[in-house]
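What follows is one structure encoded as C-alpha cells, with my remarks underneath.
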Amino acid sequence: MSWPVTYMSLNRAIPAGELQSALGQIYGVDANQVLIRHDPKSVWTENLDQMLVVCQTRHIPGDFPLYIEITPLKRDLSAADEQTIAGLVCEVLNCQAILSSNFGNPYICILVSGPNQHQNVEVDDDTLDRENWGFVIKVYNSTYTEDESD
C-alpha cells in the first residue's frame with residue numbers, strides 16, 4: 001500500500017513534541033497517534049498499529065533547517081494537497097516552508113507562509129547541489145498569490 005507523502009522544509013527547528021501536537025491538530029487526531037522520528041530507518045521497523053500519521057525529520061543546512069516528510073496512514077486523512085498541508089503547518093507552527101515546485105526547474109520552489117499564502121522563490125543552486133544539501137533563498141519573486149475564493 002502506498003500513502004501520499006508531503007515533503008517540506010521549515011525555516012526554524014521545531015521540537016518534536018511541538019511538531020507532534022501541531023500535526024495532531026492539523027490532521028484531527030490525538031497527538032499520541034503521530035509518530036515523529038529523526039532516523040528514517042527506525043520509522044518502518046516500529047509497530048504502527050496505533051499510529052495515524054508518521055513524520056520523518058532531518059536537519060539540513062541553510063535558511064530552512066528542518067526537512068520533514070509527513071505520511072498519513074489512513075486515506076481519509078490525506079485529502080488535502082501538499083500546499084494546503086504546508087499552509088496549515090505554517091499557520092499552526094508560526095513558520096514558513098519551502099516546497100518543490102512543478103516547474104521542472106529544481107531551483108524554483110514555493111515559499112509558503114500560511115493558508116493561501118505562497119510565492120515562487122529561487123533557491124541558491126550551490127547550497128541545493130551539495131552532498132549535504134539545504135535551502136537558501138536567492139531571489140524572491142515579486143508575485144504573491146493569495147487565493148480569495150474562501
Side-chain angles (χ1 to χ4, degrees), residues 1-124 127-128 132-137 140-141 144-147 149-150:
M1 170 188 244
S2 77
W3 297 292
V5 180
T6 299
Y7 305 91
M8 70 186 84
S9 289
L10 306 179
N11 69 332
R12 67 181 183 92
I14 309 287
E18 187 179 350
L19 184 59
Q20 184 179 30
S21 293
L23 292 176
Q25 180 181 342
I26 290 164
Y27 284 97
V29 301
D30 188 279
N32 293 329
Q33 295 175 303
V34 177
L35 178 67
I36 308 288
R37 286 292 181 262
H38 185 66
D39 177 16
K41 293 176 185 169
S42 72
V43 168
W44 305 112
T45 61
E46 302 220 14
N47 181 352
L48 299 176
D49 291 345
Q50 302 303 313
M51 295 299 135
L52 296 176
V53 177
V54 170
C55 180
Q56 298 176 65
T57 67
R58 179 174 21 165
H59 294 284
I60 61 175
D63 296 337
F64 293 79
L66 184 63
Y67 176 79
I68 63 174
E69 298 178 8
I70 305 167
T71 308
L73 300 181
K74 285 183 70 181
R75 292 222 181 267
D76 59 336
L77 295 176
S78 59
D81 62 51
E82 192 170 57
Q83 229 169 281
T84 301
I85 295 296
L88 293 170
V89 166
C90 292
E91 179 179 51
V92 172
L93 292 172
N94 192 30
C95 65
Q96 292 182 313
I98 285 281
L99 305 175
S100 64
S101 69
N102 292 325
F103 297 126
N105 180 344
Y107 308 112
I108 301 296
C109 293
I110 301 168
L111 175 66
V112 179
S113 300
N116 303 314
Q117 298 175 356
H118 55 275
Q119 71 184 89
N120 295 330
V121 294
E122 183 178 344
V123 294
D124 180 58
T127 308
L128 191 58
N132 191 16
W133 58 272
F135 293 101
V136 173
I137 294 178
Y140 285 85
N141 183 327
Y144 190 79
T145 306
E146 184 162 340
D147 182 354
S149 62
D150 294 330

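Keep in mind that what you see is a predicted model, and the values were worked out from it rather than measured.
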**OP:** Verify whether one side chain among Q96 and S113 offers a donor that lies under 3.5 Å from an acceptor in the other.
**Re:** yes
To the closest 0.5 Å, what do you measure between [atom1] ([X]) and [atom2] ([Y])?
X: N32; Y: L35; atom1: CG; atom2: CG; value: 11.0 Å
X: T6; Y: Q83; atom1: OG1; atom2: CD; value: 11.0 Å
X: Y67; Y: I98; atom1: OH; atom2: CD1; value: 13.0 Å

Show the nearest heavy-atom pair for residues [X] and [Y], with the distance to one decimal.
X: C109; Y: S100; value: SG-CA, 4.5 Å
X: M51; Y: L73; value: O-CD1, 3.7 Å
X: N11; Y: P65; value: C-CD, 3.7 Å
X: I14; Y: L66; value: N-CD2, 3.7 Å
X: C90; Y: A97; value: SG-N, 3.5 Å
X: S21; Y: A31; value: CA-CB, 4.1 Å

**OP:** Return yes if some donor-acceptor pair links the side-chain N/O of Q117 with the main-chain N/O of G87 below 3.5 Å, else return no.
**Re:** no
Subject >> Donor-acceptor under 3.5 Å (Q119 side chain, L111 main chain) >> reply: no
With a 4.5 Å limit on heavy-atom distance, are the side chains of [X] and [Y] in contact?
X: I26; Y: I70; result: no
X: N120; Y: I110; result: yes
X: L23; Y: V89; result: yes

Original post:
Should we say atom CG of D30 is surrounded by more than 12 heavy atoms from elsewhere, each under 6.0 Å from it?
Top reply: yes
Original post:
side chain to side chain contact (heavy atoms under 4.5 Å, CB included) between F64 and L10: does it pass, once the steps are laid out?
Top reply: CA-CA 5 Å; F64 293 79; L10 306 179; 5.6 Å; no
Original post:
In chain order, what residues pass the salt bridge (charged side-chain N to carboxylate O under 4.0 Å, His left out) check against E18, with sequence neighbours excluded?
Top reply: R12
